[in-house]
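Inspection log for the structure reproduced underneath, given as structure tokens.
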2 protein chains.
Amino acid sequence: MSNYRTFDTVELSESFKALSNPNRLQIFSRLLSCCEPGTACSADTVSSFCVGELGEDLAVAPSTLSHHIKELQHAGLIKTQRNGKNIECFIDPNKVKILKEFFSGSILAKDTEN
Amino acid sequence: MSNYRTFDTVELSESFKALSNPNRLQIFSRLLSCCEPGTACSADTVSSFCVGELGEDLAVAPSTLSHHIKELQHAGLIKTQRNGKNIECFIDPNKVKILKEFFSGSILAKDTEN
DNA sequence: ACTATAATTCGAAATATGTCGAACTATAGA
DNA sequence: TCTATAGTTCGACATATTTCGAATTATAGT
């Protein structure tokens, strides 16, 4: 038990909630695709897309797109940074690592209630 | 591009939706914990808990628990099987594998719209 | 200063989700 | 057959989510 890493159930469920909308998943997946095939993103291989580019193939209003980007950000899945008129978006590789580890069974739920 | 595996965005987002509720995540995580540390579940290592056991540390009504189990099932994350008075629940290792691969960047979104 | 482009904020509306209790079904055992 | 245990179905209700359009802010270029 003691050599497992633990995670906060609520925090992790919020990550999954952010990916539970098809439009947001598509955004995230596009950002994730910057990585080498078969490997997780590492801090020095991540690239970025600006908000407008991420909305290109999505058929949602700009206000909706903006809302989704913010949700992904609040969940800690992506980071943003202004670059002139654009806001650049990129994956947080550490968060991705945690999510991958969850499905590998190498971390366990930390019970936050009672 | 062609040596990537692809996934259906809507189907994958439904898996994440199933895990987006803290109670459901806890249920899933308990079932996932049957695996060897550091490895994914394989078909011959999965064990099971019955519905009642999964609700033990959850503080929800039986009807709510039943609802959550069904959601996990519909998303393809778990399977169930009656055993006397009990319904045994267990992880689908193949689904878990797909989710892990998604975060590894080794599969890409298959665009289902347009 | 004015204009165009990029993105956000706000308020509203439709729809989906989480939860419960009451009533019900299925099974095992006396 | 009667009873207890395990789980499900149904209907209701409160809350959350998704989405939009209109108005607004930020920046770069003229």
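Each chain gets a letter, A, B and so on, in the order its sequence line appears, and its residues count up from 1.
- Under the 6.0 Å cut-off for aromatic ring centres, Phe102(A) and Phe16(B) do not qualify, their centroids lying 6.0 Å or more apart.
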Between the protein and nucleotides 14-19 of chain D, which nitrogen or oxygen pairs come in under 3.5 angstrom?
{"residue": "dT17(D)", "atom": "OP1", "partner": "Lys17(A)", "partner atom": "NZ", "Å": "3.1"}
{"residue": "dT18(D)", "atom": "OP1", "partner": "Arg24(A)", "partner atom": "NH2", "Å": "3.3"}
{"residue": "dT18(D)", "atom": "OP2", "partner": "Arg24(A)", "partner atom": "NH1", "Å": "3.0"}
{"residue": "dT18(D)", "atom": "OP2", "partner": "Arg24(A)", "partner atom": "NH2", "Å": "3.2"}
{"residue": "dT19(D)", "atom": "OP1", "partner": "Asn23(A)", "partner atom": "OD1", "Å": "3.2"}
{"residue": "dT19(D)", "atom": "OP2", "partner": "His68(A)", "partner atom": "NE2", "Å": "2.6"}

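- Leu58(B) places its CG atom 9 Å from the P atom of dT19(C), with the value rounded to the nearest Å.
- Taking atom CZ of Phe16(B) as the reference point, atom C1' of dA16(C) lies 20 Å away to the nearest angstrom.
- For dA7(C), the OP1/OP2 oxygens have no side-chain nitrogen or oxygen of Lys70(A) closer than 4.0 Å.
- No donor-acceptor pair under 3.5 Å is formed between the side chain of Arg24(A) and the backbone N or O of His68(A).
- No donor-acceptor distance shorter than 3.5 angstrom exists from the side chain of Glu14(B) to the backbone of Glu11(B), with no hydrogens or angles considered.
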Provide a list of protein-nucleic acid N or O atom pairs under 3.5 angstrom, restricted to nucleotides 24-30 of chain D.
none

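- Proximity of Ile27(B) to Leu65(B): side-chain heavy atoms (C-beta onward) are separated by under 4.5 Å at one or more points.
- Using modelled atom types, one side-chain atom of Asp92(B) and one backbone atom of Asn94(B) make a donor-acceptor pair closer than 3.5 Å.
- Residue-to-nucleotide proximity on DNA chain D shows that, of Leu65(A) and Pro62(B), the 5′-proximal contact is made by Pro62(B).
- Separating the CZ atom of Phe49(A) from the P atom of dA6(C) is a distance of 16 Å, rounded to the nearest angstrom.
- One interatomic measurement links the two molecules: NE2 of His74(B) to C1' of dT17(C), which rounds to 15 Å at whole-angstrom precision.
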Quiz item: Going through the checks in order, is the side-chain contact (heavy atoms from CB on, under 4.5 Å) test met by Leu99(B) and Leu12(B)?
Solution: CA-CA 8 Å; Leu99(B) 293 169; Leu12(B) 192 58; 3.4 Å; yes
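- Rounded to whole Å, atom C1' of dT5(D) lies 14 Å from atom CD of Glu53(B).
- Of the possible donor and acceptor atoms, none in the side chain of Arg30(B) sits under 3.5 Å from a partner among the backbone N and O of Leu32(B).
- For the pair Ser13(A) (side chain) and Val10(A) (backbone), a donor-acceptor distance under 3.5 Å is present.
- The CD-C1' distance, from Glu14(A) to dG18(C), rounds to 16 Å in whole Å.
- Computed from coordinates, the Leu54(B) CG to dA6(D) C1' distance equals 13 Å when rounded to whole Å.
- Between Ser66(B) and Val51(B) the shortest side-chain heavy-atom distance does not fall below 4.5 Å.
- Asn86(A) has a side-chain polar atom (N or O) that falls below the 4.0 Å cut-off from OP1 or OP2 of dA7(C).
- One interatomic measurement links the two molecules: CD1 of Ile87(B) to C1' of dT27(C), which rounds to 10 Å at whole-angstrom precision.
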